[in-house]
Amino acid sequence: MRKLRKNPATKHELGIEFLSGWDIFNVAEALTLPKSVMQKIRSNPQGGSVLFANYELLYKHTTVFDRILARVFYTLFVLSGFTLILLMILDWIWDFD
């Protein structure tokens with residue numbers, strides 16, 4: 001991420017940072033989701049191009065290792081979120097005391 005933030009070509013293409021470090025999630029999402037999904041998101045007229053990272057530019061300025069690391073990070077992030085929600089629902093249903 002540091003090299004993407006310092007590069008003038010990619011500095012303003014990492015998406016909106018709602019919280020400190022949120023651009024990491026934007027970049028990981030852009031490198032993980034299929035290109036067809038990212039094209040649809042970025043072509044959204046309600047500001048999709050501003051909210052999300054520019055995946056085409058990121059592919060040019062990242063290595064294969066960077067992309068694999070981003071995919072592992074994003075996959076674990078999404079799976080942990082789904083697992084947390086699933087455990088909350090199961091606890092609500094069966095009350096694990």
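Note that the structure is a prediction, hence the values are computed from the model and not measured.
R5 approaches G21 most closely through the heavy-atom pair NH2-CA, 4.4 Å. Between A30 and L58, the shortest heavy-atom distance links the atoms CB-CD1, 3.9 Å. Between M38 and E29, the closest heavy-atom pair is SD-O, 4.3 Å.
W22 and L69 are members of different hydrophobic clusters when ILVMFWY side chains are connected at heavy-atom separations under 4.5 Å.
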For a side chain to side chain donor-acceptor pair (under 3.5 Å) check, start with the C-alpha distance between Q39 and Y55, then their side-chain angles and the critical distance, and finish with the verdict. CA-CA 9 Å; Q39 285 175 346; Y55 69 96; 3.3 Å; yes

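Within a 6.0 Å sphere centred on NZ of K40, heavy atoms belonging to other residues, nucleotides or ligands number 12 at most.
The only option from L57, V27, I24 that meets the side chain to side chain contact (heavy atoms under 4.5 Å, CB included) definition with L14 turns out to be V27.
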Side-chain polar contacts of residues 71-90 - donor-acceptor pairs under 3.5 angstrom, sequence neighbours left out - could you list them?
| from | atom 1 | to | atom 2 | distance (Å) |
| --- | --- | --- | --- | --- |
| R71 | NE | L31 | O | 3.1 |
| R71 | NH2 | L31 | O | 3.3 |
| R71 | NH2 | Y59 | OH | 3.1 |
| T75 | OG1 | R71 | O | 2.6 |
| S80 | OG | L76 | O | 3.1 |
| S80 | OG | F77 | O | 2.8 |
| T83 | OG1 | L79 | O | 2.7 |

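T62 contributes no side-chain N or O that, together with a main-chain N or O of R67, makes up a donor-acceptor pair within less than 3.5 Å. T63 places a side-chain N or O within 3.5 Å of a backbone atom of D66 that can act as its donor or acceptor partner.
No side-chain heavy atom of K60 sits less than 4.5 Å from a side-chain heavy atom of N54.
Expressed to the nearest 0.5 Å, how far OG1 of T10 lies from CG of D23 amounts to 10.5 Å.
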